[in-house]
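Before any comments, here is the structure.
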Amino acid sequence: MSLLSIQDLSKNFGGLAAVSNVNIELENNELVGLIGPNGAGKTTLFNLLTGVYVPSSGEVKMTTEKGEVLLNGKEPSVINELGLARTFQNIRLFGNLTVLDNVLVALHTKHGANFWASVLRTPSFYRNRQELEERAIELLRIFNLQDLVKEKAKNLPYGQQRRLEIVRALATEPKILFLDEPAAGMNPNETAELTELIRQIQKDFDITVVLIEHDMSLVMNVCERIYVLEYGKLIAHGTPSEIQQNPAVIKAYLGGE
Ligand SMILES: Nc1ncnc2c1ncn2[C@@H]1O[C@H](COP(=O)(O)OP(=O)(O)OP(=O)(O)O)[C@@H](O)[C@H]1O
């Protein structure tokens, strides 16, 4: 059984089949791409997997230490606790909080700091807070954001906000990390740096990363396997070189016969 098994998954919006009978298997510890023209259903698929939308039909099953768990209809926070984390195409940070606090919020979610300890400010609260801060700074260092801990998130340049979003997702200790267009709005240097980082975190954290990205050089560079969506349907699946030569994919991107 795969780590995540997506079976015949569909989502309709009125008469529009945004995702249509999609089957995808994700294994432990791999880097997978999800590509397709605008409106193909990529973000909708991420929304289905992370509990933002409830599927119209089909199943999403995850293998956990406690056995197989059906994710359909579960709340985003429950799905996050089970090990799925994501970033958004339109960045979602707490703009008025500092960089450090943005990461601490995510860490608190994971480590569920004891409510009474935090209300009463007990020694264990301070110990816990210090440990979480150290962990936050460790994560920020990987993304070269450690010198910006006191900066408000909204004041960071776009590329750094995108990296901070990934740090927040990683702080929840996911088994699968879904990145929705992580390089959008980045310049070529930032994209190259990010490509390396994605490769590094996938290995170092021993996780599966699934990437939606329009930057083909990034996708072809880092992904071991790629799924291609068009009009909600999977039209191809394979290695980067198989996908580059696939006639259905070429047609979907270039149009025509
Ligand atoms: N909440 C919604 N209500 C109605 N239609 C929606 C909704 N969300 C997405 N859609 C439609 O579903 C289709 C798939 O959209 P989606 O955003 O998943 O595509 P995408 O592949 O992520 O596109 P892009 O690459 O442009 O981000 C589109 O036709 C979109 O207009």
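Whatever order the structure lists them in is the order used to number ligands and atoms, beginning at 1. In this text the structure is predicted, and so the values were computed from the model without any measurement.
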Can you pull out the closest protein heavy atom to [atom]? Residue, atom name and distance to 0.1 Å, please.
atom                    : answer
atom 17 (O) of ligand 1 : Thr43 CB, 3.9 Å
atom 31 (O) of ligand 1 : Leu16 CD2, 4.7 Å
atom 16 (P) of ligand 1 : Thr44 OG1, 3.6 Å
atom 19 (O) of ligand 1 : Gly41 N, 3.2 Å
atom 26 (O) of ligand 1 : Asn38 OD1, 3.1 Å

Heavy atoms only, cut-off 4.0 Å: how does Leu229 contact ligand 1, side chain, backbone, both, or neither? neither

For the residue pair Tyr227 and His237, categorise the inter-ring angle as parallel (less than 30°), tilted (30 to 60°) or perpendicular (more than 60°). parallel

Assess Arg86 against Phe88: is NZ or CZ under 6.0 Å from the centre of the six-membered ring, and within 45 degrees of the ring's axis? yes

Under 4.0 Å from a heavy atom of [X]: give me the atoms of ligand 1 that qualify, with their elements.
X      : value
Gln89  : 27 (O)
His214 : 25 (O)
Lys42  : 18 (O), 19 (O), 20 (P), 21 (O), 22 (O), 23 (O), 24 (P), 25 (O)

Pick whichever of Gly232, Gly36, Gly39 has a heavy atom sitting closest to atom 24 (P) of ligand 1. Gly39

Return the option from Phe46, Tyr53, Phe13 holding the heavy atom at the smallest distance from atom 4 (C) of ligand 1. Phe13

With a cut-off of 6.0 Å (strictly less than), are more than 12 heavy atoms of other residues, nucleotides or ligands near CD of Glu134? yes

May I ask you to check whether over 12 heavy atoms, not counting those of Phe205, lie within 6.0 Å of atom CZ? yes

Ala40 to ligand 1: N or O pair under 3.5 Å? yes

Leu140 side, atom CG; Leu100 side, atom CG - distance, nearest 0.5 Å: 7.0 Å

Ring pair (Phe, Tyr, Trp, His ring centres under 6.0 Å) between Phe13 and Tyr53, intermediate numbers included: CA-CA 11 Å; Phe13 295 112; Tyr53 293 151; 5.3 Å; yes

Could you tell me whether Glu138 and Arg135 have a side-chain N and a carboxylate O separated by less than 4.0 Å? yes

Using the side-chain contact (heavy atoms from CB on, under 4.5 Å) definition, which of the options Ile166, Thr172, Leu84 pairs with Leu177? Ile166

